[in-house]
Each structure stands twice: as C-alpha cells, then as structure tokens.
Amino acid sequence: MNKFLLTGILAALISLSAIRCSGPVEKKAESYASLSDSTGYVGINTCRECHSSIYDSFIRTGMGQSFAHASRQKSAALFNHQKPVYDSFKNLYYLAFWEKDSLKIREFRLLGKDTIHNRVETISYIVGSGQHTNSHIINTGGYLHQAPLTFYTQKKQWDLPPGFENGNNTRFNRMIGLECMTCHNSYPKFVKGSENKFEFVDNGINCERCHGPGEKHVSDKRAGKIVDITTQIDYSIVNPAKLAINLQFDICQRCHIQGNAVLNDGKSFFDFRPGMELSSVMNVFMPVFEGRENEHIMASHAERLKMSKCYIETMKHIGNEKVPALKPYRNALTCVTCHNPHVSVKETGNAVFNNACNNCHKPENSCTEKPEIRELSKNDCVSCHMKKSGATDIPHVSVHDHRIMIPVAAAADTGKRVFMGIACINNTNPPAVAKGRAFLNYFEKFNFGTEVLDSAHTYFPDATAAEIKMHFDDLVRLAYLENKPEKVIHYAESVPLNEQSDIQSYDNKDAWTAYRIAQSYQNSGNSDKSLQYFKKAWELAPMYSDFSNKYATALFNSGKPSEARAVLSAADKEYPENAAIASNLGYISLAYTRDTSGIAAYYDRALQLDPDYVQAMLNKTGLLIATGKTTEAGKLLKQILMKEPGNKQAQQLVTILAQKTK
C-alpha cells in the first residue's frame, strides 16, 4: 500500500472520528441534572407512566430486546431436527433443548457410541434481539458465564459463539463482566471483589441509557415544572436530539464503537452518562492493518460512518451558524439521521433510510447508475452504498457497512494483513497512559504478538523512583506479561508496601497487581513474599475463584493446611463450578485429614466440570493407587499420557504403580 494513503487512513481514524461541533449555547452540558452523581435512576416503568407510546415502540427495538430471561418467547432459535455442534479441537458436542420451560445446553463426548462425558447446564438469560444472534448466559449464584453455544438467526444455525472457535473454546468458563453487561443491558448491580458476580441484572437496555438518570426529571414534572421544549432545552434530563453533535455521537459510541476500551484512572463502566464526552470516562482503540482497510467489526457503526464523505462534508458547516440550532443534528449526518432509536429497524422500512439520502442527493441528478439497475433495486440507495458483508469478529452474520461510499469492485484478497499501529476512535489526543494500556490489552486480551509490549514501553518510563511509583501498576503488568519476574520484583521493592494501593474497585486493579507480584515471587522461590501478596489479592477480590485457589495453594505450601482448606471450602461453597477449586480441595483435605473417604467425590466433580483437567486426573490416580485400586489407576494413567505424553507427574505415578503391582 502507498505509505501516504496508509497515513491518511490512520489520520481519518484518529481525527475525523473526533470532530467537535457546537450545539445550543444557552447552558453548558454540565447543567444537565442527570450529570450529577446525586441524580438517581428511576427505571423504564416510571418513564412509561408518561411516555407509554414511546415505551410500547421502544421495547420492540434491538435495544429493548437486547437481554432477557431465557424463555420460549424470547428465543429466536430453532430446536427441531438440529444436529449437535461439534468442536473438533476439544472433541466435544453441544446440543440445546427445552426441558419443560427451562432452556438447557448439553455438553457431551463420545467414545464410539458410548457417552463418556455428559454435562447439562440451565440457561438463565438470552442475549441479543434475534436480529443477528441469540447467545446464552448461565447464572450460578449470581456468577454469570457465557454458554458455549449461540444461535445465528440470519443463517438459522447453531454454532460455537464468537471467540470460541478454532481451539479457543472456554466451554462454561467465559466470565460475563461489567464491560459486556453494560453494553448489552441496562446498568446492573455488580458485586465488588468479583469479576462477574451480580446482585441484579435488568431486562434490556432502557430509556436512561440514552437519556441519563431521570429522578430530577420525574420530580420536576410531578411538581408541575413544565418546559416549552419547542423553544427551550429541558435540563432536568438529556434529550440527545438537542446535544452538540459530538455529545450525541458519544451516546451511541458508548457501545457502537466496539473495540479496546481503556478506562481513565478512577473510572468504571458505570460512569458514563449521556451529555458527557465519552473520552472523560474511556478511550476506545482500534488496530490499523495494511491490506484490510475495508474490514469492519459488528459494532463499528459510528466509526465507519465517520469515515464517510457524507459525514465529513456535513461536519464542515456545523458550528458556523449565527444562531445555534436547537437540534444540531438536523443539519448534520448522525446516527439518528437514519435511525429513530424508539423504532425497531424491522419496522422502519427502506423508504425512511432512502429519504435520508434523498434529502441531500436527488437520484435523478446524483445517481450515475444505469436506470434499469436502479429500477431493479427499486432505487434503494442503501443496497449499493452501504453494502452488506460479514463482520470480522462474528461468524455467520452480515451487516450493513456504515461507511457510505460509491461502490467499487472489490480488490483481490492478497492475504496480506500487516499491523501498522492503533488509533483512538473517540479522542484526537488520548492520554499517553491510555495508549500504553491499550497495547497491554492487545497482548493480554486480544492475542497480539510481543511487538505490542515493545510499543507499551514508550508510555511507561521507569528510569527514576518517581517514574516507577507513577506507573507502578502498569510497569508490574508489563513486566509480568513479558515473563520477567525479576523485573516485577524490582518494581515491587522500589515502592514501599504501605504506599502500594489497596483499594477494592470494579476492575480489581490493585488485586491484579498484587497477584502478578505474588506470582513473580513464587516463580523466584520466595514463598513468604508470595504468600503475602496472594493474601492481598484474595482480600481485595475474595469472590474471584482463581485468587482463592492461588492463596490457598500458597498457604498449603507454607505449612498451613487448615487455613488453606478453609479458604478453598469457602470458595467452593461460593461458586461450586470451578474444577481447580474442587480438585485442590480434595487434595488438601486428604493431606490435612489423612482420611481417604469422600475424597474421590472432589476429583469426580472436578472431572465432571472439566473432563480434560489433567491435575484432577493425576490427583485421582494417586488416590486410586493409595486405596489399592490399581487397575482403575492404570486406565486413568493411560488417558493422561495420551493427552500429555511428557507429563512428569504421570511418569512418576507409572513407576509407583509398577512397584505396587509387582
């Protein structure tokens, strides 16, 4: 690709998407009551009391139907004559079915015609309106995980969910955290000290996600405080139509620029409210690849729209008006130019979208297509200028590319895909630390190569004690991801323990820093320091099973089996579907009590949860040998060595078994 063209694409992503436009000037956006932390949410049913017709229409939209309890009415899936979905990498089958009014997903494995593994989970929630997909969520005592089966409605087929394919099937272990939930639904009640536990989740995106919390608005109207909204702005609540263009876009971009979201310090996914600049809460990054300029992901609508010539041209005139418009978007191209958020796309009809085009472009003057082709498409602008194609992040779906452009012949796919850098979609000048954290995310969450870690170094200097203290969490994370425990320890010992933050937060930032330090000390053989930091991680995030497991293991290795058993017992009671917890609880209980009765049940439960969990298989083999069940032990050892021929523990058990059977 031409170097200057690529530079232009980067510039478009960085700058065009963040054009700032003026709007009504009577008051600043900060005057909206809903921007105050003291203004509470009232819920969609309160809005319904006065806006019943809008409510009735909105609940049929994709947003209104985005999330709900699993029911036959909610599900868009087909269940008759379906074939099980087979994951060839894991050798597992999946099948969805109804048992009375409960939706279930069965995971099973076959050996010949025999079923050698069978796990059934009940689905609690269905995600997605059914326009493109239905995905499924399991609720275990408030802990939410995505099930390994999605229905793709456009192709009417079941398959693995996005991200589960090609050997990446996490089965029932993909946690649904705040970032996922706060886009696919209204704001939930989240339990701090966990990664994915919720006290309450709502049913669908509601009014206040776009209009802000309505407590002040409701109290004003009930008190008879009425504003003439035909000539004024009612500052008791946000009407996105009256926001400046960039602020209106930011409401949509909160979820419709899916990408690498980096929260600002002290912010959470709860903190954005309509009327704010999105960049005051988070900066969202996207990678730029040479050779893949026309690819787009499912939720890239706003980003792609801003790359359109139509958008760029309309923005040139915004902000130059002598009298600011009461509804600035009327003179611009924004999301609501074509989409009425209160009306389902299914009910809108193509004429609405084409009329939006015809407001600027008269077909008889501007369309150069042959008349017969135009007639064949019924003068449907969208079908030519916003082509449908597959999204790169979700299989089996096709979506309209929101980059409006003159159709051109598709270039031949050369297979070339060269990573050129990253661009912030919602901010022309993101903070340096945000960009550095974005690079760390690309390695840790998006499976990029180590080149992104090299890039991250630029943003986290560590030449002085002051710099280490300033970038402490990021430096620890960077060194940990680079697998440099000695460097992590250097940072940990450069900042006194009492000056290291220990705040419980929605993102568990301090808990993760403590965990990374603990793991580094453990890898370096310092068990005392390792135990100290594992304890800190566990205290800050006691409802994250992996931290409980690590802390308990460190306690056991430090000669404290009773304390280790207590930590694991509490974790197992809190969330009984963690295979590692169940297996370790059996091992530590046996070591502590020397009583073999009941221990096999722990290992069997771990293997029921995960039939490929080798450590549970090893633990069970040791128990079988100890209790004289050598034939069963031999069969299990063969399974282990088929999975991991070089497993040293298994080879040691082979020697022990041979001695026992002489």
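A distance-only check finds no donor-acceptor pair linking the side chain of Asn526 to the backbone of Tyr521 [under 3.5 Å]. A donor-acceptor pair under 3.5 Å links the side-chain atoms of Glu165 to the main chain of Gly163, judged by distance alone. Under a 3.5 Å cut-off, the side chain of Ser71 and the backbone N or O of Lys74 do form a donor-acceptor pair. A donor-acceptor pair is defined here as one N or O able to donate and one able to accept, closer than 3.5 Å; such a pair exists between the side chain of Ser530 and the backbone of Ala518. One N or O on the side chain of Arg109 and one on the backbone of Lys90 form a donor-acceptor pair closer than 3.5 Å. Judged purely by atom type and a 3.5 angstrom limit, Ser505 uses its side chain to pair as donor or acceptor with the backbone of Asn508.
Remark: Tyr506 engages Phe270 in a ring pair (Phe, Tyr, Trp, His ring centres under 6.0 Å) (not counting sequence neighbours). Applying the side-chain hydrogen bond (donor to acceptor under 3.5 Å, both in side chains) criterion to Glu107, with sequence neighbours excluded, gives Tyr94, His117, Arg171. Partners of Phe67 under the ring pair (Phe, Tyr, Trp, His ring centres under 6.0 Å) rule, at least two apart in sequence or in another chain, are Tyr125. Taking Asp604 as the reference, Lys620 meet the side-chain hydrogen bond (donor to acceptor under 3.5 Å, both in side chains) condition, with sequence neighbours excluded. Applying the salt bridge (Lys or Arg N to Asp or Glu O under 4.0 Å) criterion to Arg106, with sequence neighbours excluded, gives no partner residue.
A salt bridge (Lys or Arg N to Asp or Glu O under 4.0 Å) with Arg437 holds for exactly one of Asp474, Asp507, Asp473; it is Asp474. Checking Asp572, Asn584, Asn578 one by one against Asn549, the side-chain hydrogen bond (donor to acceptor under 3.5 Å, both in side chains) holds for a single residue, Asn584. Results of the ring-ring contact (aromatic ring centres under 6.0 Å, His included) test with Phe547 over Trp512, Tyr575, Trp538, Tyr533 single out Trp512 as the only residue that passes.
Between Thr655 and Gln652 the shortest side-chain heavy-atom distance does not fall below 4.5 Å. In this structure, His457 and Glu482 have side chains that are in contact, with non-hydrogen atoms separated by less than 4.5 Å. Put simply, the side chain of Tyr603 does not reach to within 4.5 Å of the side chain of Leu624, judged on heavy atoms. With a 4.5 Å cut-off on side-chain heavy atoms, His490 and Asp462 do not count as touching. Two residues are said to be in side-chain contact when any heavy atoms from C-beta on lie closer than 4.5 Å; Ile126 and Leu103 meet this criterion. Between Arg477 and Tyr480, every side-chain heavy-atom pair lies at or beyond the 4.5 Å cut-off. In this structure the side chain of Pro395 reaches within 4.5 angstrom of the side chain of Pro162, judged on heavy atoms. Residues Arg174 and His145 are not in side-chain contact: their nearest non-hydrogen atoms beyond the backbone lie 4.5 Å or more apart.
One side chain, Gln522 or Gln519, offers a donor N or O that lies under 3.5 Å from an acceptor on the other. No side-chain donor from either of Asn447 and Tyr442 sits under 3.5 Å from a side-chain acceptor of the other. For His136 and Glu121, the side-chain atoms include no donor-acceptor pair closer than 3.5 Å.
Residues Ile205 and Cys183 share a closest heavy-atom pair of CD1-O, 3.4 Å. For Phe443 against Gly449, the heavy-atom pair with the smallest separation is CD1-O, 3.7 Å. Looking at every heavy atom in both residues, Trp158 comes nearest to Ala96 through CH2-CB, 3.6 Å. Of all heavy-atom pairs spanning Gly259 and Phe446, the tightest one is O-CZ, 4.3 Å. The heavy-atom pair separating Pro188 from Met181 by the smallest distance is CG-CG, 3.8 Å.
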> Which is it for Glu539 and Tyr551 under the side chain to side chain donor-acceptor pair (under 3.5 Å) test, yes or no, and what are the steps along the way?
Replying inline: CA-CA 10 Å; Glu539 288 175 338; Tyr551 177 46; over 6 Å; no

>> Assess the residue pair Arg119 and Glu577 against the criterion (salt bridge (charged side-chain N to carboxylate O under 4.0 Å, His left out)); give the C-alpha distance rounded to whole Å, side-chain angles, the decisive distance to 0.1 Å, and a yes or no.
In response: CA-CA 12 Å; Arg119 177 176 175 179; Glu577 296 203 1; 3.1 Å; yes

> For Tyr152 and Asn134, what are the C-alpha separation, side-chain angles and deciding distance, and is it a side chain to side chain donor-acceptor pair (under 3.5 Å)?
Replying inline: CA-CA 7 Å; Tyr152 296 89; Asn134 274 175; over 6 Å; no

Extract all donor-acceptor atom pairs below 3.5 Å that involve side chains of residues 586-595 and protein atoms in other chains or at least two apart in sequence.
unit_1 : atom_1 : unit_2 : atom_2 : d
Ser589 : OG     : Arg565 : NE     : 3.2
Ser589 : OG     : Leu585 : O      : 2.6
Thr593 : OG1    : Ser589 : O      : 2.7
Thr593 : OG1    : Asp595 : N      : 3.2
Asp595 : OD1    : Ser597 : N      : 3.0
Asp595 : OD1    : Ser597 : OG     : 2.8
Asp595 : OD2    : Ser597 : OG     : 3.1

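Less than 6.0 angstrom separates the ring centroid of Phe190 from the ring centroid of Phe198.
Counting heavy atoms of neighbouring residues, nucleotides and ligands inside a 6.0 Å radius, atom CD of Glu486 exceeds 12 of them. No more than 12 heavy atoms of other residues, nucleotides or ligands shown are found within 6.0 angstrom of NZ on Lys535. Counting non-hydrogen atoms of neighbouring residues, nucleotides and ligands closer than 6.0 angstrom, the NZ atom of Lys643 exceeds 12 such neighbours.
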